[in-house]
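Both counts, for ligands and for their atoms, begin at 1 and track the order of listing. The shown structure was predicted, so the numbers you read here are calculated from the model rather than taken from an experiment.
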Amino acid sequence: MWPFSSSYPESRPEDVDGRTFDYIVVGGKHLRSSVMARPSRLSEDPTVSVLVLEKGRVKDSWYNRIPLLGQNYDFPWMQAVSRLSEPITELSGRRMRLWAAEAVGGTTRINAMLFTRGAPGGYNEWAQSFGLDDWGWDKVEPFFKKSENAVGHPDAAHRGHSGPIENRQPGPWLSSIPYYEKAATAVGLPVERDLNDPKASAQGFFYLDQTIDAKSRRVSADRAWLNADIAIERKDRLSVCTGVVASRLEIDPRGKRVTGVHVRHARRSSADKEYFAKARREVIICSGTVCTPQLLMLSGIGPRDQIEPRGIPLVHELPAVGRNLTDHHAIPIMHELPLKDTLHQIETLWGILWHLFLYIFFGKGLLADSTTPASMFARTSAIDAQSMTVQTAAHGYSTMDAAEPRNIPDIELMLIPLRAVREMSPGLSLSSIYPTLVQPFSRGSIELASADPRQHPRIHYQVLSDKRDVAAARKAARFTMRIAEEFVKAGYPHPAPLTFAPGMDLDYLDSLFAERDLELGSPAAVLPDRKPALGVPGIGESKKPSPQDAAAAKKQQDAVAKMDWRTVTDDEIDEYVRRVYVTSLHFSSTCRMSLGPEDGVVDQRLRVHGMRNLRIADASVFPKIPSAHTMAPTVMVAERCADFLKSEWEERKEK
Ligand SMILES: Cc1cc2nc3c(=O)[nH]c(=O)nc-3n(C[C@H](O)[C@H](O)[C@H](O)COP(=O)(O)OP(=O)(O)OC[C@H]3O[C@@H](n4cnc5c(N)ncnc54)[C@H](O)[C@@H]3O)c2cc1C
């Protein structure tokens, strides 16, 4: 039993060089895991062998498993990487910093563990608007169920109860959360417990499921599908080769067949040798939204103008590789609450000791929870512009039926009881209402920066380049400010002034970023530098104000008065958004699914258009980003891919 379990059988590139495997899986974790974890599936055939190639390592640590601490992705031992985008014109040249994990288990090793499927209408839209009739809600729901064990909803027939991803709702532990619930109700949002219920309202206040087990430990994809027990049990037919980068696919250009994968050490070594593993049946790429199109282009699959200028032979022209980069974008809006109602309490010595005690002895408290216990979802077209309230019917139809594509929520207000952006933390105890555009129209792209597989590709990250996103951001910001007002009106027993919101003193805001590079994109982690107060004493602090503090406080009060949803102007919102807009780290769709090769990369069975034995199973294949956190939809895609593989190869055997 962990931490005393036997060590994980990780292979080195030398161990797999020249060997042949039935399936080679590059990166990711879900597919390879669902392929291997079910003896009743592919590995029913004892002769089936699988090679997993992964840039990162296993390195499963106790720290990583503690739900809240494991979200501190910028700690050096977390195996996280960040990639900077190109400068973004709409954000005055700022760059976005995109985080991901390079580890067995991928980004589920560091994420916030929120397990959300997204409104059924989103998948019905894939079927109806994109013609992907194999991906409507009725087709994808069984795979969501298959993947999970929804401990938090034991009697729900619409949930899965025997899958490997265990999820539950541990908290909420903070006394502020019920006041957000009341605020949501005041603007017309119903309160629901299960966002993953297809019959739940399209718009509402929801407590969120989190991938946490009965012992209050993070359930990452590797723990669910590819843990040490499984890896040891199957080590004769499963090789997990870590610390390697797949540098290119070997393709027989006539047959458009992948015959194997070239790999190198992920960190450049003095002997920079290339190794080669052969694929007998299929290669499945699960390298994520940024690295999957990179690997395709390095292998000569993609747009001609990306490949040939890098000296790479064009093997298969596919213009959509790397296009359609989509993400969820957030506007951090924060109010100041007492320390006891924010996660900042664990930044104090007593706070962390108390919560360690609760966690170790009872499996409870803030450490046993995600940063985001609850969220509100809404559709901006259903929010009345004057009153900022949600209309449950519009133009003669219900806006609450989640199966209807026209009702897909386009904003999510995440409740994150701490600073949403590290720089915006001048010693205050802050709680964020984090309005996020979850159906943006702006699209970016991934391009090759060089032929070196270890170099990050170029990320053209787009925000607000489509006017509909600008309109949605304005409404989302106003609506959030209205929620903050209702929070106070709901009887919250302390002052809760808006501190960071449109209408605020922009000089003050700029001063917080003054010493930083023109980049932003590190949404909150939990235990970083808590800066000394910048003249404005936080509510949770007993510091006696100096004359300078008093002057700053007066200035702040005047600014607070301007932060009113009724009077704030569009220009003020735009200026604020330009400064603080940030990624929610749900990037996707760079190899999206489509009926034909003109506007997409994979077909409905996740096969790369025009290639015979190459599939993709990660967040890059979403034809359109779901209005959900993207882990559960990615898991669903991987489950489907494993199912396609098994059924197709069984059919072939029968013939
Ligand atoms: C900080 C953070 C918090 C998040 N919180 C949530 C949340 O709470 N809920 C949610 O639903 N979603 C969340 N997400 C998003 C979610 O985790 C991702 O959408 C999801 O994990 C994407 O899965 P993927 O398989 O596409 O890619 P990844 O999980 O990124 O996996 C890609 C894997 O491929 C490997 N790889 C890449 N290139 C190569 C190569 N050439 N050779 C070998 N290996 C390679 C990488 O090392 C990595 O392990 C969060 C993301 C971040 C960054």
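On a distance-only criterion, Ala100 and ligand 1 share no N/O pair closer than 3.5 Å. Close N/O approach between Met631 and ligand 1 is found [any backbone or side-chain N/O within under 3.5 Å]. In terms of polar-atom proximity, defined here as any N/O pair under 3.5 Å, Lys55 does make such a contact with ligand 1. Residue Leu114 has at least one N or O atom closer than 3.5 Å to an N or O atom of ligand 1. In terms of polar-atom proximity, Ala112 is counted as a contact of ligand 1, with an N or O under 3.5 Å from an N or O of the ligand. Below 3.5 Å of separation, one finds an N or O of Asn111 facing an N or O of ligand 1. Not a single N or O atom of Val26, backbone or side chain, sits closer than 3.5 Å to an N or O atom of ligand 1. The N/O atoms of Thr634, backbone and side chain alike, include none that comes under 3.5 Å of an N/O atom in ligand 1.
For the residue pair Ser450 and Asp452, no side-chain donor N or O sits within less than 3.5 Å of a side-chain acceptor on the partner. For the residue pair Glu412 / Ser375, a side-chain donor-acceptor distance below 3.5 Å is found, with atom types taken as modelled. Using modelled atom types, one finds a donor on one side chain and an acceptor on the other under 3.5 Å when comparing Arg281 with Tyr23. There is no side-chain donor-acceptor pair under 3.5 Å between Glu166 and Thr211. Side chains of Asp209 and Gln169: a donor on one and an acceptor on the other come within 3.5 Å. Under 3.5 Å, the side chains of His609 and Ser594 contain a donor-acceptor pair of N or O atoms. A donor atom on one side chain and an acceptor atom on the other are not found under 3.5 Å apart for His456 and Gln294.
Heavy-atom separations between Pro453 and ligand 1 are all 4.0 Å or longer. By the 4.0 Å heavy-atom criterion, Leu53 is counted among the residues contacting ligand 1. For the pair Val244 and ligand 1, a heavy-atom separation below 4.0 Å is found. Using a 4.0 Å heavy-atom cutoff, Ala80 is absent from the residues neighbouring ligand 1.
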Worksheet entry | Intermediate values then yes/no, salt bridge (charged side-chain N to carboxylate O under 4.0 Å, His left out), Arg419 and Glu347 | CA-CA 12 Å; Arg419 71 177 77 73; Glu347 295 166 355; 3.0 Å; yes

Worksheet entry | Full working for salt bridge (charged side-chain N to carboxylate O under 4.0 Å, His left out) between Glu102 and Arg83 | CA-CA 12 Å; Glu102 290 186 347; Arg83 307 176 179 104; 3.3 Å; yes

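Using a distance-only test at 3.5 Å, with no hydrogens or angles considered, a donor-acceptor pair links the side chain of Thr108 to the main chain of Ala221. When atom types are taken as modelled, the side chain of Glu54 and the backbone of Gly56 share a donor-acceptor pair closer than 3.5 angstrom.
Contact atoms of ligand 1 toward Tyr73: 1 (C) (distance under 4.0 Å to a heavy atom of the residue). Per-residue contacts place Thr107 under 4.0 angstrom from the following atoms of ligand 1 (heavy atoms of the residue considered): 17 (O), 21 (O), 28 (P), 29 (O), 30 (O), 51 (C), 52 (C), 53 (C). Heavy-atom contacts of Cys291 reach the following atoms of ligand 1: 37 (C), 38 (N) (cutoff under 4.0 Å). The contact set between ligand 1 and Ala103, taken as ligand atoms under 4.0 Å from a residue heavy atom, comprises 47 (O), 49 (O). Of all the atoms in ligand 1, the ones that sit under 4.0 Å from a non-hydrogen atom of Ala619 are 26 (O). For ligand 1, the atoms sitting less than 4.0 Å from at least one non-hydrogen atom of Cys286 are 32 (C), 33 (C), 34 (O), numbered in the order shown with element in parentheses. Residue-ligand proximity, Glu102 to ligand 1, at heavy-atom distances under 4.0 Å covers atoms 47 (O). Atoms of ligand 1 found under 4.0 Å from any heavy atom of Gly288, numbered from 1 in the order shown, are 26 (O), 27 (O), 32 (C).
Ring-plane geometry between Trp77 and Tyr63 is classed as perpendicular, the angle between the planes exceeding 60 degrees on a 0 to 90 degree scale with a lower cut at 30.
Geometrically, Arg640 engages Trp135 in a cation-pi contact defined by less than 6.0 Å to the ring centre and at most 45° from the axis.
Only the backbone of Met113 comes within contact range of ligand 1, with a heavy atom under 4.0 Å; no side-chain atom does. Only the backbone of Ala101 comes within 4.0 Å of ligand 1, judged by heavy-atom distances.
Checking Val635, Val52, Ile110, Thr630 against atom 19 (O) of ligand 1, the nearest heavy atom belongs to Thr630. Scanning Trp99, Phe587, Phe622 for the heavy atom closest to atom 53 (C) of ligand 1 points to Trp99.
Scanning both residues, Ile212 and Ala368, for their nearest heavy atoms gives CD1-O, 3.6 Å.
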